[in-house]
Protein chains: 2
Amino acid sequence: MQNLLSNLKITINDKLYVKDPETSELGRNILKNSIILIDEIGFEAFTFKKLGEKIQSNESSIYRYFENKHKLLVYLTSWYWSWIEYRLAFATTNVSNPIEKLEKAIRLVTENVVDDNTTPHINEEILNRIIVGEFTKTLMTKEVDNENKEGFFLVYKRVINRLIDIIKEVNPDYPYAKSLASSVVEGALHQHFLKNHLKTITNLSEKECATEFYTDMTKKILA
Amino acid sequence: MQNLLSNLKITINDKLYVKDPETSELGRNILKNSIILIDEIGFEAFTFKKLGEKIQSNESSIYRYFENKHKLLVYLTSWYWSWIEYRLAFATTNVSNPIEKLEKAIRLVTENVVDDNTTPHINEEILNRIIVGEFTKTLMTKEVDNENKEGFFLVYKRVINRLIDIIKEVNPDYPYAKSLASSVVEGALHQHFLKNHLKTITNLSEKECATEFYTDMTKKILA
DNA sequence: ACATCATGATAGTATTACTATTATATTTGC
DNA sequence: GCAAATATAATAGTAATACTATCATGATGT
């Protein structure tokens, strides 16, 4: 799997960039350091000017890769969900037992992420922190409907749909497979956020992880 | 209940405003029209200047009530959760059967909101739309921890805690009462958002409402 | 009648989110 | 090896945002 991923380029909707950042040193530098900087100062305070200073490049050069910071963030989140989708596909193929497949899938979308080292310019662990704190903001804008039509959220929906299929395999009669799948994926992000900032309204902690909560939940619901 | 609520003033953390907007005509006008304007153009595009134009008042006058638009939004969301908490308390007291109590609570935090007419300057139905689209943004900032210490999110946490208590009444042995409660409340908002914008990954629709999904979920989990 | 307070009007600042232009490297194609 | 094409850097400029500050006006209260 390591080798496969390092040979495989994750493809992102080309409406999200002006120039493909994967094709140049500067582009990859923009990706790498935008992740670090957004994590450091938050997306609201993040600007192309600050990023330019960080990578000792110019604001105007960054604009040649991305129209604006929102599209850069959607690019990064698409990258993340592609990476998840890839690992999800890999972890669940050739698993014949539906319950076992579901467990593996739930684990993958709920567990803590660690950097996978195959992509030197993307630190998945930091990227995951950005997803936890910023992903829903990419959806919750006045432009969702247009951006959805443009396919900006296709990868995310594909991840959810894979989970929907697995849920249906486990219990074809359960009437809310879609809502359950989207609840697990988005809910896990939210629980991770609560764990870090509003600890009193979550059971997650260093010991107790999201995987257990969601595995228990889905098994009972689909039983 | 109608009468009670109209006599009762919802109290908001006084660090959220410079001058209490409930104490003047202009203040109530700010509340009323900020809700309408945020719903119309979204929080990102919302500015005090635009609000001033809408209410034929001056930008500088609005700054006498709220330091910035973020605090205004946190004020509005606190108002909303206070209103929910009040109705939640009312709907669940004197209900002896825990399951019935849980059902009522779940209904209250998941169902579609309709304007309640007791507060002429707050349209709860529009406010609910703002909550669906903007609430998590008030949490997901670099200032969460400080603002949490200041008590900005106390009312929200109180709503969750009421639900936690009811969940525990139904099943004292269930180990994830906190995560379940926060999942239901935040998840319901998210499902409403999906219903309006990413319909393919939710089962909610005009017919099928969030209440059924979450009632079914919690009953199975706590059985 | 006077003081206080709320609101309005205007001006000003630093920052953001860009666009445009020109200059300077670097790559590549022949 | 050199010209042409391309990428990047530097600079300037604009409109909007998110404020702060000051002063004028008008209403209220004693």
Side-chain angles (χ1 to χ4, degrees), chain A residues 14-34 37-38 40-76 121 134 137-138 141-143 146-147 152, chain B residues 14-34 37-38 40-76 121 134 137-138 141-143 146-147 152:
Chain A
D14 60 18
K15 282 172 186 154
L16 287 171
Y17 51 78
V18 183
K19 181 185 168 175
D20 186 349
E22 295 275 2
T23 60
S24 77
E25 199 56 39
L26 177 61
R28 287 184 295 270
N29 227 262
I30 289 172
L31 296 182
K32 180 179 183 177
N33 287 282
S34 63
L37 190 54
I38 291 171
E40 275 172 19
I41 64 174
F43 186 66
E44 271 66 48
F46 171 86
T47 67
F48 282 180
K49 196 173 184 187
K50 289 175 190 166
L51 177 60
E53 279 157 26
K54 191 177 184 82
I55 63 178
Q56 277 156 290
S57 177
N58 201 278
E59 198 190 359
S60 61
S61 303
I62 300 166
Y63 275 104
R64 289 225 184 65
Y65 286 86
F66 293 100
E67 265 177 64
N68 53 54
K69 68 174 184 173
H70 175 252
K71 287 198 174 179
L72 168 57
L73 182 59
V74 179
Y75 181 99
L76 294 174
H121 60 296
E134 320 285 357
K137 293 181 196 167
T138 65
T141 70
K142 277 285 156 183
E143 292 78 37
N146 283 330
E147 295 187 352
F152 286 14
Chain B
D14 60 17
K15 282 171 187 156
L16 287 171
Y17 51 78
V18 184
K19 181 184 168 176
D20 186 350
E22 295 274 2
T23 61
S24 76
E25 199 57 38
L26 177 62
R28 286 184 294 271
N29 227 261
I30 289 172
L31 297 182
K32 180 178 183 177
N33 287 283
S34 63
L37 190 55
I38 291 171
E40 275 172 18
I41 64 175
F43 186 66
E44 270 67 49
F46 172 86
T47 68
F48 281 180
K49 196 171 184 189
K50 289 174 190 166
L51 178 60
E53 280 158 24
K54 193 179 183 81
I55 63 178
Q56 276 156 290
S57 176
N58 201 278
E59 198 189 358
S60 62
S61 304
I62 300 166
Y63 275 104
R64 288 219 186 72
Y65 286 85
F66 293 100
E67 266 177 63
N68 52 55
K69 68 174 185 173
H70 175 251
K71 286 198 173 179
L72 167 57
L73 182 59
V74 179
Y75 181 100
L76 294 174
H121 60 296
E134 320 285 357
K137 294 181 196 167
T138 65
T141 71
K142 277 285 156 184
E143 292 78 37
N146 284 330
E147 296 188 351
F152 286 15

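A quick note: this is a predicted structure, and the numbers were derived from the prediction, not measured. Heavy-atom basis, side chains included; hydrogens, waters and symmetry copies ignored. Labels below follow one simple rule: chain letters A, B, ... track the order of the sequence lines, proteins then strands, and each chain is numbered from 1.
Candidate nucleotides dT7(C), dT16(C), dG8(C) were compared by shortest atom distance to the side chain of K50(A), and dT16(C) ranks first. Closest to the side chain of N68(A), out of dA10(D), dC18(C), dA18(D), is dC18(C). Among the nucleotides dG8(C), dA9(D), dC18(C), the one closest to any side-chain atom of S61(A) is dA9(D). Each of dA6(C), dT10(C), dA9(D) was ranked by its minimum atom distance to the side chain of R64(A); first place goes to dA9(D). Taking the side chain of T47(A) as heavy atoms from C-beta on, and the options dT7(C), dT16(C), dA7(D), the nearest nucleotide is dT16(C). Here dA17(C) is the nucleotide among dT10(C), dA17(C), dA9(D) with the atom lying nearest to any side-chain atom of E59(A).
At a threshold of 4.0 angstrom between heavy atoms, the contacts of Y65(B) are confined to the sugar-phosphate backbone, with no base atom among them. Among the protein residues, K19(B) comes within range of the sugar-phosphate backbone only, with heavy atoms under 4.0 Å from sugar or phosphate atoms but none that close to a base. If you check every strand for non-hydrogen atoms under 4.0 Å, E67(A) touches sugar and phosphate atoms only.
For K69(B) (side chain) and E44(B) (main-chain N/O), a donor-acceptor pair under 3.5 Å exists by modelled atom type.
A side chain to side chain donor-acceptor pair (under 3.5 Å) with H121(B) holds for exactly one of R28(B), K32(B), E25(B), E22(B); it is E22(B).
Rounded to a whole Å, the CD atom of Q56(A) is 22 Å from the P atom of dA7(D). Rounded to an integer number of Å, the gap from E53(A) CD to dA9(D) C1' is 14 Å. Atom CD1 of I55(A) and atom C1' of dA9(D) are 12 Å apart (whole Å). To the nearest angstrom, C1' of dG13(D) lies 13 Å from NZ of K49(A). Atom CG in N58(A) sits roughly 15 Å away from atom P in dT19(C) (whole-Å rounding). Protein atom OH of Y63(B) is 20 Å distant from nucleotide atom P of dA6(C), rounded to whole Å. For E44(B) and dC18(C), the CD to P distance is 13 Å, given to the nearest whole Å. Distance I62(B) CD1 to dA6(C) P: 16 Å, rounded to the nearest Å.
To the nearest 0.5 Å, atoms CG (N33(B)) and CG (L51(B)) are separated by 6.5 Å.
The side chain of S24(B) contributes an N or O atom lying less than 4.0 Å from OP1 or OP2 of dT7(C).
Ring geometry for F48(B) against F46(B) counts as perpendicular: the plane angle is over 60°, on a 0 to 90° scale with 30° as the lower cut.
Remark: the H70(B) side chain and the E143(B) side chain contain no N/O donor-acceptor pair separated by less than 3.5 Å.
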